[in-house]
Amino acid sequence: TVLTADRMLNVDDGTVVSDAVVVIEGDTIVDAGKRSQITVPDGADTIALGDATLMPGFMDMHVHLTSDASKHGYKRLAVSLPRAAITGVKHAKDTLLAGFTTVRNVGAPGFADVALRDAINAGDVMGPRMFVAGPSLGVTGGHCDSNLLPFEYESYSDGVADGPWEVRKAVRRNIKYGANVIKFCATGGVLSKGTKVGAQQYTLEEMQALVEEAHLRGLTVATHAHGTSGIKDAIRAGVDSVEHVSLLDDEAIALALEKGTYFSMDIYVTEYILEKGEEAGILAESLNKERVVGQRQRDNFEKAVKAGVNMVFGSDAGVYPHGDNGKQFARMVKFGMTPMQAIQAATINPATLLKQADQLGSLQKGKFADVVAVPGNPLDDMSKLENVQFVMKAGQVVKSQIN
Ligand code: ARG
């Protein structure tokens, strides 16, 4: 198959290639670049997209495909595990059709994300490549526990683990049941009941044990952290990415730069929480926390971008509707990124974070043919990325609305 378009983004060097051709054999890109420099094989199937821009498939590093954005708080308690898994099938399709050909699923009860990933890989259902965490690890009563029921119903989330050896064991168990990334909660959060956003939950000692265990086994680690001390201890412990990163200080930025830690800052979701959250069941205390955190996170996003921290696109879709992931692009530009930087944050940077840059993240010879396109030039108007019109995953066209 040969794809042609007036433009292609080279996210490796941040340039725009005009009059572009991508040559695909099976699931792999065999050549990509300017038409004058490419030998197009005779008799290839050509998909000519005209005035459109070819880009690598997008990668969202923070989703919860088995979570339904219309059910939060006590509404979510009524959703069974099998029901959540089935919901995930629909969300996987919505996500892929929005141009996200790879996601990192950072937390799902009951290993429903493992089941979904395996079903996608087996070709049973349609969806993005998934890197999955299984249940997020967290302290008793912390952001990654379930704190909605009183003591007499004693219930805990699947990933609760306290102390260095318990967290090591929890990492080992998650790997045993199919996780290929590890997610844990270092601080309180917005949507959990009774937790303080700024307060640290795991100690540095616990985080060091957890990260060491995951790295020994070759897995990368994503950390939920809003509060400053939790962000810093997570970076010191050697996590690969920090999620949310709302209440940064200069030392946290310096540590991230020193360690090469990635920040995944979900700066769109605040709009959905404040507009639609109450109706969806988000607790009043969570709405109040969001009112405090949202703008500070956006200001700190700008600071981190200016300082040159490694940034990846992470939306927290699942809190808001799957398929709307792309709404975050325009906000990333509004809060300090160039359009090219925002697209790199959703392509080559996540591929590097996940140690998959040999296979994913750019339109280069030898990588998987994960390709998306929009009409016109998205660098002039990032809202075009909210409406991706051509999607190919591993050489298979899954959506084609151009022409
Ligand atoms: N899952 C996150 C939490 O509960 C969502 C935070 C959303 N708010 C934000 N401003 N990014 O903490």
Side-chain angles (χ1 to χ4, degrees), residues 60-69 71-76 103-109 113 133 135-139 141-148 157 159 183-202 222-228 230-231 234 241-248 263-278 280-304 311-322 324-325 327-328 331-332 334-335 345:
D60 189 336
M61 291 298 98
H62 194 122
V63 303
H64 300 278
L65 288 181
T66 59
S67 298
D68 178 345
K71 294 188 175 70
H72 282 280
Y74 287 93
K75 290 190 181 183
R76 191 164 288 177
V103 299
R104 184 175 64 170
N105 204 80
V106 283
D113 53 355
S136 301
L137 309 188
V139 304
H143 179 70
C144 285
D145 195 0
S146 167
N147 309 317
L148 292 166
S157 292
K183 158 81 179 298
F184 76 89
C185 288
T187 74
V190 173
L191 300 175
S192 51
K193 188 175 170 204
T195 71
K196 294 196 180 78
V197 183
Q200 185 167 342
Q201 296 184 338
Y202 271 129
T223 313
H224 160 107
H226 288 283
T228 316
I231 294 169
S241 72
V242 186
E243 312 299 303
H244 313 302
V245 222
S246 306
L247 310 175
L248 275 177
F263 285 176
S264 158
M265 300 178 73
D266 50 341
I267 58 170
Y268 166 72
V269 67
T270 183
E271 295 173 39
Y272 179 85
I273 293 174
L274 296 178
E275 281 158 31
K276 301 267 168 61
E278 190 177 352
I282 293 180
L283 306 175
E285 66 166 85
S286 292
L287 297 173
N288 284 332
K289 288 193 265 188
E290 185 58 51
R291 287 183 195 104
V292 177
V293 155
Q295 189 56 46
R296 290 189 65 183
Q297 185 191 32
R298 289 173 159 203
D299 296 342
N300 284 328
F301 175 84
E302 198 152 1
K303 246 175 126 171
M311 304 294 284
V312 289
F313 186 108
S315 68
D316 216 354
V319 172
Y320 75 97
H322 298 279
D324 282 355
N325 312 54
K327 287 187 174 174
Q328 190 169 273
R331 277 68 178 182
M332 291 166 92
K334 182 169 175 203
F335 293 98

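Counting convention: from 1, in listed order, for ligands and their atoms alike.
The two residues Asn300 and Met265 have their closest heavy-atom pair at C-CE, 3.9 Å.
Close N/O approach between Val293 and ligand 1 is not found [any backbone or side-chain N/O within under 3.5 Å]. Of the polar atoms of Ser192, none of the N or O atoms is found under 3.5 Å from an N or O of ligand 1, judged by distance alone. In terms of polar-atom proximity, defined here as any N/O pair under 3.5 Å, His224 makes no such contact with ligand 1. In terms of polar-atom proximity, Asp316 is counted as a contact of ligand 1, with an N or O under 3.5 Å from an N or O of the ligand. Between Leu191 and ligand 1, at least one pair of N/O atoms sits closer than 3.5 Å.
More than 12 heavy atoms of other residues, nucleotides or ligands sit less than 6.0 Å from atom CD of Glu285.
Taking the charged nitrogens against the carboxylate oxygens, Asp68 and Lys71 do have a contact shorter than 4.0 Å, which makes a salt bridge. The pair Glu271-Arg331 counts as a salt bridge, with a side-chain nitrogen and a carboxylate oxygen less than 4.0 angstrom apart.
The side-chain contact (heavy atoms from CB on, under 4.5 Å) with Thr187 is formed by just one residue from the set His143, His224, His244; it is His224.
For atom 8 (N) of ligand 1, the closest heavy atom belonging to the protein is Glu290 OE1, 2.6 Å. Among all protein heavy atoms, the one lying closest to atom 3 (C) of ligand 1 is Val190 N, 3.4 Å.
For ligand 1, the atoms closer than 4.0 angstrom to any heavy atom of Val269 are 7 (C), 8 (N), 9 (C), 11 (N). Those atoms of ligand 1 that come under 4.0 Å of a heavy atom in Gly189, given as number and element, are 12 (O).
When non-hydrogen atoms are compared, ligand 1 lies under 4.0 Å from the side chain of Ile273 (C-beta onward) but not from its backbone.
Between His143 and ligand 1 there is a heavy-atom distance shorter than 4.0 Å. Residue contact check for ligand 1: His226 places a non-hydrogen atom closer than 4.0 Å to it.
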Given side-chain contact (heavy atoms from CB on, under 4.5 Å), test Tyr268 with Asn325 step by step and report yes or no.
CA-CA 9 Å; Tyr268 166 72; Asn325 312 54; over 6 Å; no
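Proximity of a side-chain donor or acceptor of Ser286 to a complementary backbone N or O of Val190 within less than 3.5 Å is detected.
The ring of His64 has its center no closer than 6.0 angstrom to the ring center of His322.
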